[in-house]
Structure formats: structure tokens, C-alpha cells
Amino acid sequence: MRLIARWFAFCLLFTTLSVTAAQVEGLYEVREPVASQDPGERAAAMSRALQTLVVRLTGERKAAQDPRLQPLLADPQQLVQQYVYEAGTPVTLSVVFDPVLSQRALREAGLTLQSAERATVLAWWLNETDGGSELVAEDQGSADTLRAAAQHRGVPLNLPLGDLNEQLLANPETLRGSDAQALQEASERYAADALLAVVAKGAGDSWQADWQLWVAGQRVSGSSSAASQAALADAVLLEVGERLATQFAKAGAAQSLTLEVQGNDLARYASLQRLLEPFAPRLQAVVGGNLVYEVDASPDQLRSQLQLGRLHELPAEAVDAQAAPQAQPLQVPAATANRMRFAW
């Protein structure tokens with residue numbers, strides 16, 4: 001089985017990958033403001049950066065306060081790949097954590113990590129000020145604030161183009177309403193797994209936002225407040241990141257499941273590996289274009305996660321007639337009540 005996995009990995013070096021879900025850029029890079037380049041200040045900033053990374057990887061803000069992390073927080077530099085000071089007001093310490101060491105350390109501490117594949121969020125964000133209202137569109141300067149918050153919280157974020165029809169649609173009544181049909185129709189032109197509607201209002205050091213998130217046929221809503229637009233964006237994206245983690249990787253009690261996925265090729269194998277990352281996938285068999293895994297997940301967890309790759313579930317008796325074995329197949333585990341089948 002290791003030989004099969006190595007062969008796939010080798011071939012993937014020459015394969016272009018394409019998935020609907022997105023990997024967060026700079027997932028292991030965290031920026032923290034610092035007052036000076038003093039070693040003590042740097043150590044404190046690295047500890048804060050590690051806490052931010054923990055929230056990104058687990059999808060739970062309370063995980064950053066887990067007592068099992070204390071040895072790592074006391075010496076975060078053991079996980080740091082590199083760091084650099086960036087000029088500005090204030091000066092920022094950019095810390096890049098080693099992905100392999102960080103994942104291993106957090107799992108050994110008993111934390112459950114999300115996949116690097118995340119649901120892509122399309123954000124309809126309306127800023128209201130005394131001067132009027134403005135939809136934050138893709139090419140506006142205010143979009144940088146949202147992108148920075150999304151990167152800080154590990155949320156892949158898209159913004160609308162902001163053409164005339166979208167500007168007319170994105171009014172406070174529509175974005176605060178519980179019926180998302182108009183937004184969903186306008187969002188069909190964009191590839192996204194979740195829809196976020198935000199009405200932010202304020203000035204100076206007082207900002208407040210009402211927001212709604214539609215994902216996997218469900219709607220959740222909330223409100224956030226902060227002292228600046230940047231802090232408000234960070235607060236909203238923190239909430240959204242937690243909700244998405246709950247939806248795609250945290251619901252239900254994990255159990256051992258047999259997963260069969262039909263219609264694979266090399267690119268899809270890579271996508272599948274990333275999607276299954278939170279569930280400790282063990283490749284059991286390769287039969288033509290069919291892959292059989294053992295995973296640790298609840299059925300609902302698995303369904304939600306595979307939605308990100310646009311896979312669809314098959315009835316228990318479904319068979320891929322076109323997936324003729326190209327070589328002598330490995331023995332496929334017998335069907336059980338814990339067996340689930342999906343196809344691309």
C-alpha cells in the first residue's frame with residue numbers, strides 16, 4: 001500500500017491540480033505587531049502567533065488556551081521555520097511556522113486539525129457610514145482589509161465584482177433579510193461553497209456588523225463589534241471560520257468508516273487526499289479508478305467535507321461499470337454498514 005501511495009505522489013509532481021474548495025494562502029505565516037526588536041518582545045509575539053495558528057488549524061478559538069499547549073507556547077521558536085521584521089507603523093513580526101513540525105506537535109498535544117482544503121466564502125460586505133453605503137468589491141482598496149482578515153483567520157474569501165446590478169442588489173434590507181434567493185442567484189457567477197452577507201456600520205472607534213452565513217443549506221447569523229474596520233473584519237471572519245469548521249469537520253462522533261470513491265485520476269487523488277486529511281485516511285485498495293479508504297469520521301462529517309470537492313454520494317449498491325481494473329486489484333474490504341460510496 002505504501003508503494004501505491006508513493007507512486008501516486010511521484011506522478012503528482014507532473015499533474016495540474018484543480019479543486020472547487022481552496023487552500024488558504026500563507027496558512028502557516030502569521031504577522032504580529034511588535035513594539036521593538038527586543039528578544040523578549042519577539043518571544044511574546046511568536047507565542048501570540050502560535051495561538052493564532054492554532055485557531056486557524058483547529059477552527060476553535062478556545063483551542064489556543066488549551067493547557068496542553070503550554071510547553072509549545074513557552075518555546076514557540078521550536079516550530080518556527082523563519083521570521084522577519086517588516087517596516088511599518090507599527091513594526092510587524094512575520095513568523096513562518098514549519099507545517100510538518102507544527103501539525104505533528106499539535107496532534108501530539110491532542111488537538112484535532114482541519115484540512116488545508118477550506119470552504120470558499122463569497123462575501124457581500126456593505127459598509128455604511130455618514131457619507132453613504134458602499135459594497136466592498138474585488139478591486140477596491142477596502143477589499144485589502146477583508147483579505148487581510150480572511151488570511152489571518154484562515155478563510156478563503158472571494159468578493160463580488162461590484163457591477164451596477166450588484167451595487168443595486170446589495171442594500172441593507174437584502175443583506176439583513178433571511179431570504180437569500182436574490183443573493184444566491186447573483187452569486188451563481190462565482191465559485192463559492194458558502195455565502196456571507198454583512199452590513200457594517202460605524203465611524204471612528206465604534207464599528208458594528210450584522211452578518212449571516214449560508215452554507216450546506218443552513219443559515220447562521222450573528223453580530224460583531226470592534227474599534228476599527230480592520231478589527232471588525234477580523235472579528236467577523238473569526239466567527240465565520242469557527243462556523244465553517246463546525247460544519248465541515250467537527251459535527252458528530254467519529255467512527256471507523258470504509259470510504260469508496262469512484263472516478264479518480266491523479267489530480268483527483270491529490271484533491272481527495274487533502275479533503276480527507278482531518279480524518280486520518282488509510283488507503284486500502286486501488287481498483288481501476290476506484291479508491292477504498294478507511295477513515296475516522298462520522299457520516300455527516302464525511303458528507304460535509306466531500307461536498308467541498310463536489311463529490312456526490314452513491315447508493316450502497318452503486319457500482320462504477322466503467323472502472324475496469326487495469327492491473328490485478330488488491331482485495332477490497334467486504335461491504336459493511338459503515339461503508340460509504342461517493343463519485344466525482
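Note: hydrogens, waters and symmetry copies are ignored here, and every other heavy atom, side chains too, is used. Throughout, residue positions are numbered sequentially from 1 according to the sequence presented.
Residues D210 and Q208 bring a donor and an acceptor atom of their side chains to less than 3.5 Å of each other. Between the side chains of T58 and Q114, no donor N or O sits under 3.5 Å from an acceptor N or O. There is no side-chain donor-acceptor pair under 3.5 Å between Q37 and E41. Inspection of the N290 and E260 side chains reveals an N or O donor paired with an N or O acceptor under 3.5 Å.
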Exercise for review: Could you go through the side chain to side chain contact (heavy atoms under 4.5 Å, CB included) check for L272 and Y293 one step at a time?
Suggested key: CA-CA 11 Å; L272 188 59; Y293 288 88; 3.5 Å; yes

**Study point:** Residue pair R56, E29: steps toward the salt bridge (charged side-chain N to carboxylate O under 4.0 Å, His left out) verdict
**Key:** CA-CA 11 Å; R56 282 185 194 173; E29 181 179 7; over 6 Å; no

**Study point:** Residue pair L276, L306: steps toward the side chain to side chain contact (heavy atoms under 4.5 Å, CB included) verdict
**Key:** CA-CA 8 Å; L276 295 177; L306 293 180; 4.1 Å; yes

Exercise for review: Could you go through the side chain to side chain contact (heavy atoms under 4.5 Å, CB included) check for D193 and R310 one step at a time?
Suggested key: CA-CA 10 Å; D193 303 293; R310 295 295 189 266; 2.8 Å; yes

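Interatomic distance, CG of D66 versus CG of L106, reported as 10.0 Å (0.5 Å rounding). We find the CZ-CG distance between F342 and N264 to be 13.0 Å, quoted to the nearest 0.5 Å. Atoms OG1 and CD, from T145 and Q140 in turn, are 11.0 Å apart once rounded to the nearest 0.5 Å. Rounded to the nearest 0.5 Å, atoms CG (L57) and OG1 (T112) are 12.0 Å apart. To the nearest 0.5 angstrom, L122 atom CG is 8.0 Å from L157 atom CG. In this structure, the separation between CZ on R48 and CD on Q51 is 9.0 Å, given to the nearest 0.5 Å.
By the 4.5 Å heavy-atom criterion applied to side chains, E32 and T52 are counted as neighbours. The shortest distance between side-chain heavy atoms of V287 and V292 does not fall below 4.5 Å. Side-chain contact between L135 and L159 is absent, with no heavy atoms from C-beta onward closer than 4.5 Å. Side-chain contact between L113 and R107 is present, with heavy atoms from C-beta onward closer than 4.5 Å. Residues L69 and L111 are in side-chain contact: their nearest non-hydrogen atoms beyond the backbone lie under 4.5 Å apart. Side chains of V155 and L238 form no contact here, defined as non-hydrogen atoms less than 4.5 Å apart. Taking 4.5 Å as the limit, every side-chain heavy atom of M46 sits out of range of all side-chain heavy atoms of F97. Contact of the V121 side chain with the L244 side chain is registered, since non-hydrogen atoms from C-beta on lie closer than 4.5 Å.
Remark: the backbone N or O of A43 is not paired with any side-chain donor or acceptor of S47 at under 3.5 angstrom. In this structure, the side chain of Q262 does not engage the main chain of G289 through any donor-acceptor pair within 3.5 Å. The backbone N or O of A227 lies less than 3.5 Å from no partner atom in the side chain of D205, so there is not a single donor-acceptor pair. Of the possible donor and acceptor atoms, one in the side chain of Q212 sits under 3.5 Å from a partner among the backbone N and O of L175. With Q305 contributing its side chain and L275 its backbone, the two residues share a donor-acceptor pair below 3.5 Å. Here the side chain of T174 pairs no donor or acceptor atom with the backbone of A170 at under 3.5 angstrom. Put simply, the side chain of D98 never gets that close to the backbone of V80: no donor and acceptor are under 3.5 Å apart. For the pair R153 (side chain) and E242 (backbone), a donor-acceptor distance under 3.5 Å is absent. In terms of modelled atom types and a separation under 3.5 Å, the side chain of R341 and the main chain of L314 share no donor-acceptor contact. A distance-only check finds a donor-acceptor pair linking the side chain of Y190 to the backbone of L161 [under 3.5 Å].
Contact record, A64 with L73: O-CD1, 4.0 Å, taken as the closest heavy-atom pair. Of all heavy-atom pairs between G263 and W344, the closest is O-CD1, 3.5 Å. In terms of heavy atoms, P299 sits closest to Q255 at CD-NE2, 3.5 Å. Of all heavy-atom pairs between S187 and L195, the closest is OG-CD1, 3.3 Å. In terms of heavy-atom proximity, L232 sits nearest to A226 at N-CB, 3.4 Å. What you find for L50 and L72 is that their closest heavy atoms are CD2-O, 3.7 Å.
Look at R61 and E239 and you find a salt bridge, because one of the NZ, NE, NH1 or NH2 atoms lies within 4.0 Å of a carboxylate O, short of that distance.
V55 and Y28 fall into different hydrophobic clusters, defined by Ile, Leu, Val, Met, Phe, Trp and Tyr side-chain heavy atoms under 4.5 Å apart, directly or through other members. Following chains of ILVMFWY side-chain contacts shorter than 4.5 Å, one cannot reach L196 starting from W214, and the two form parts of different hydrophobic clusters. Hydrophobic clustering, with ILVMFWY side chains joined whenever heavy atoms are under 4.5 angstrom apart, groups V215 together with L146. At a threshold of 4.5 Å between side-chain heavy atoms, the hydrophobic network of Ile, Leu, Val, Met, Phe, Trp and Tyr places L93 and L53 in one connected group. Linking Ile, Leu, Val, Met, Phe, Trp and Tyr whenever their side-chain heavy atoms come within less than 4.5 Å puts L213 and V198 in one cluster.
Residue D130 qualifies as open at atom CG: its count of foreign heavy atoms under 6.0 Å is 12 or below. Taking a 6.0 Å sphere around CZ of R219, one finds it holds more than 12 heavy atoms contributed by other residues, nucleotides or ligands.
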